[in-house]
2 protein chains.
Amino acid sequence: MSEQDANDKSEHTSATIYEVARRAGVGIATVSRALRGTGSVRPATRERILEAARELNFIPSRLGVSLAEGRHAANGIVFPSLTGPYFGEVLLGYEEAAAELKRSVIVVAADGLDSAQDHIRDLAGRVDGMVIYGSTAESEVVAELIAERKPTVLLSPRVLVDGPDVITAENTRSAGELAEHLLAHGHRTFTFLGGPTGGRDIDERWAALVDTLAKAGAAAPRPVPLSGYGRAEVYAAARAVLAQDPPDVLVCSHDEVALAALRVARELGLRVPDDIAVTGWDDVMAAEHSWPPLTTVRQPMRRMGEMAARALDELITGTRTGPLRQVLPTEVIIRESCAHHP
Amino acid sequence: MSEQDANDKSEHTSATIYEVARRAGVGIATVSRALRGTGSVRPATRERILEAARELNFIPSRLGVSLAEGRHAANGIVFPSLTGPYFGEVLLGYEEAAAELKRSVIVVAADGLDSAQDHIRDLAGRVDGMVIYGSTAESEVVAELIAERKPTVLLSPRVLVDGPDVITAENTRSAGELAEHLLAHGHRTFTFLGGPTGGRDIDERWAALVDTLAKAGAAAPRPVPLSGYGRAEVYAAARAVLAQDPPDVLVCSHDEVALAALRVARELGLRVPDDIAVTGWDDVMAAEHSWPPLTTVRQPMRRMGEMAARALDELITGTRTGPLRQVLPTEVIIRESCAHHP
DNA sequence: AGACAAGTTGGAAGCGCTTCCAATTCGAGT
DNA sequence: ACTCGAATTGGAAGCGCTTCCAACTTGTCT
């Protein structure tokens with residue numbers, strides 16, 4: 001029964017390569033070679049080893065492997081917060097691509113917490129490289145990462161910095177296109193709800209709107225920055241804008257603001273799009289199901305995650321050396337909140 | 001300049017504890033004690049060590065730490081797929097709680113891939129414990145985990161199994177409450193779109209609906225399982241149900257189905273809720289913004305993630321030994337898709 | 001000034017694995 | 001049978017850290 005006992009004991013924690021070696025009557029080096037398929041091992045020996053490994057339910061310890069290999073085979077990703085409808089898609093694309101590249105994904109949400117910086121540092125110690133979404137990390141930490149030569153890619157950063165790879169979604173062209181579409185409907189007075197903000201994405205949209213209207217000889221849009229992203233702030237801002245002297249069009253910085261505006265418009269008895277047109281940005285799921293369905297701009301969130309994973313892999317494997325600056329195309333989605341379309 | 005060179009070189013990869021020790025003129029044991037605050041170190045020595053560590057930008061290697069400590073300080077979470085509006089919230093709650101407990105979170109999406117099983121095994125080697133959402137893992141892998149005594153909690157599993165902790169959201173009571181509300185509106189003929197399915201959650205809702213109607217002496221609901229969860233299948237099913245002889249109420253297995261039904265109803269010229277009432281389940285963001293706003297049942301996704309993290313921690317630290325069976329309360333959200341409410 | 005307990009410190013043994021290197025065994029050709 | 005290169009194999013040195021244990025310093029109390 002002592003052998004039985006030994007078995008029981010060894011099951012509490014995964015068996016080690018030593019136990020497999022002993023059971024198969026070989027050295028650990030041979031076990032390693034047999035199991036990972038490097039070096040040559042006589043078929044009979046390999047068979048014995050595989051059998052022993054199976055019996056022991058042996059799974060190599062990632063820690064041992066990583067320590068010896070000097071790599072984690074893991075990627076990190078840092079989100080400013082896990083709320084919002086976007087990050088899920090981004091993460092999906094990222095995880096998928098990472099899995100394909102044989103890497104695990106470690107997620108950190110850098111919600112306002114003071115400890116966020118430490119979490120990011122900890123993360124850095126667990127991965128071969130990381131992507132940072134929306135410039136969550138205060139530049140200090142990012143700078144540290146860069147200085148350490150830790151492979152890093154910035155996804156949709158609030159501010160552009162030199163050095164690391166950067167992946168963004170196109171804003172200017174599609175914002176211009178959206179504005180032109182609205183002008184074509186005959187709309188003339190524009191209000192931009194939700195910006196400018198100091199963040200790159202939204203400010204690029206704002207700037208493109210200003211430009212396009214100017215070129216068309218229309219009055220400049222009225223900017224209405226938000227005092228916060230909470231539900232209350234957004235509704236209050238929408239109410240303030242719509243309650244008196246509403247413009248022809250309310251261009252919103254993103255869908256959630258636009259959806260709130262749709263709500264408020266209904267409350268105030270304003271018909272969309274007859275009395276006022278509304279547009280969003282992102283094309284979240286609710287945009288399609290709202291009433292009226294929301295005209296918006298679709299961002300390739302999933303693809304952004306995927307690109308980030310691939311860019312990071314290139315950085316880690318050293319396939320590419322120069323920094324990457326990728327701008328992914330977006331798509332204007334015309335629905336009925338901007339006008340009736342026959 | 002040779003010292004400069006050495007510095008440059010050491011920056012390519014994070015410095016080790018040995019370099020810090022050498023620079024501070026002490027042994028590595030002392031460095032370890034000083035940095036992690038265990039054991040006593042003379043203030044002057046500590047200061048020298050901290051300084052050296054700062055200069056070298058020293059971050060202890062997670063691998064070394066974990067290997068020596070015999071723990072990963074990381075939790076895993078497996079999702080069936082990263083799509084859908086739920087998992088984001090679950091992950092948020094999970095990550096938040098895990099961070100509070102000083103653990104990193106590693107995510108795996110077990111999308112149909114054949115390699116999913118391997119990914120889960122790999123994950124198991126990187127974490128101290130893991131939660132599995134929706135019984136993604138085929139029972140074989142879960143069985144393996146249990147056999148290995150790997151701390152595991154099942155979140156909203158499709159099928160209940162013995163052994164591991166299980167956390168679910170309440171279905172029966174709230175489905176009954178929803179049915180009663182619908183009966184109170186005078187609705188008499190019910191169709192259940194999207195089930196039963198063989199999955200526990202949806203089948204519990206179905207069963208509660210059947211029970212409640214039976215108790216009220218109403219006709220039994222008509223079950224309409226879905227042939228798939230793709231957009232096309234859902235719309236086709238909704239169309240088939242609504243095109244001929246629509247019931248008083250269409251109770252849907254979850255919001256996405258209900259939103260599709262709302263769409264189809266509009267296309268067919270059916271007024272909701274006048275001609276037909278529709279309900280969903282989950283309370284996704286779009287449910288609030290749809291027209292009419294969707295009556296549904298809110299699940300505490302975030303809290304589920306949080307509970308899972310805490311349950312897992314208890315398992316890992318051995319704070320609790322008996323298995324956990326937690327059912328989190330849900331909330332019926334009455335909006336206008338089930339009837340006009342004054 | 002002397003003796004002890006308490007406070008500090010460094011050495012070394014792991015933790016589980018990969019891989020270099022040297023030693024051993026195998027097979028085929030003569 | 002005998003030789004020699006090729007195929008196999010095991011030993012051992014790390015990878016970076018924690019922590020036990022023994023050795024060494026302090027400081028204090030007599």
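Chain A is the first sequence line, chain B the second, and so forth, proteins listed ahead of strands; every chain is numbered from 1.
For A:Ser104, the side-chain hydrogen bond (donor to acceptor under 3.5 Å, both in side chains) partners at least two apart in sequence or on another chain are B:Asp122, B:Arg126. Scored by the side-chain contact (heavy atoms from CB on, under 4.5 Å) test, A:Gln326 finds A:Ile167, A:Met307, A:Leu324, A:Leu328 as partners (sequence neighbours excluded). By the salt bridge (Lys or Arg N to Asp or Glu O under 4.0 Å) test, B:Asp201 is found to be paired with no residue, residues two or more places apart in sequence or in another chain being considered. The side-chain contact (heavy atoms from CB on, under 4.5 Å) search around A:Pro151 returns A:Leu312, A:Leu315, A:Ile316, not counting sequence neighbours. Residues passing the side-chain contact (heavy atoms from CB on, under 4.5 Å) test with B:Arg22 are B:Glu19, sequence neighbours excluded. Every residue meeting the side-chain contact (heavy atoms from CB on, under 4.5 Å) condition with A:Ser61, not counting sequence neighbours, appears here in chain and number order: A:Leu63. Every residue two or more places apart in sequence or in another chain was checked for a side-chain hydrogen bond (donor to acceptor under 3.5 Å, both in side chains) with B:Arg42, and none qualifies.
In the helix from C:dA1-D:dT30 to C:dT30-D:dA1, the rotation axis of the first five pairs and that of the last five pairs differ in direction by 40°, rounded to 10 degrees.
The distance from atom CZ of B:Arg62 to atom C1' of D:dC15 is 16 Å, rounded to the nearest whole Å. As a whole-Å value, the separation of A:Leu56 CG from C:dG16 P is 13 Å. Here C:dC17 presents its C1' atom at 8 Å from CZ of A:Arg36, a figure rounded to the nearest Å. Atom-to-atom, CG of A:Leu35 to C1' of C:dG16 comes out at 13 Å; the value is rounded to the nearest Å.
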Could you list the donor-acceptor pairs under 3.5 angstrom formed by side chains in residues 24-41 of chain B, with sequence neighbours left out?
unit_1, atom_1, unit_2, atom_2, d
B:Thr30, OG1, B:Arg33, NH2, 3.4
B:Arg36, NH2, B:Glu69, OE2, 2.7

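Listed by first then second residue, pairs satisfying salt bridge (charged side-chain N to carboxylate O under 4.0 Å, His left out) with a partner in residues 316-326 of chain B read B:Asp162-B:Arg325, B:Asp165-B:Arg320, B:Glu314-B:Arg320, not counting sequence neighbours.
Less than 4.0 Å separates DNA chain D from at least one heavy atom of each of the following residues of residues 66-75 of chain B: B:Leu67, B:Ala68.
B:Arg23 and B:Glu51 are not joined by a salt bridge, as no carboxylate oxygen comes within less than 4.0 angstrom of a charged side-chain nitrogen. Taking 4.0 Å as the cut-off between side-chain N and carboxylate O, A:Arg310 and A:Glu306 count as a salt-bridged pair.
Annotation: of the two residues near DNA chain C, B:Gly64 and B:Gly39, the 5′-most nearest-nucleotide partner is B:Gly39.
Using a 4.0 Å heavy-atom cutoff across all strands shown, A:Ser32 reaches at least one base atom of the nucleic acid.
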Quiz item: In the 5'-to-3' direction, what one-character label does each nucleotide of nucleotides 5-13 of chain D receive under the scheme B = base within less than 4.0 Å of a protein heavy atom, S = sugar-phosphate only, - = no such atom?
Solution: ---SBBBB-
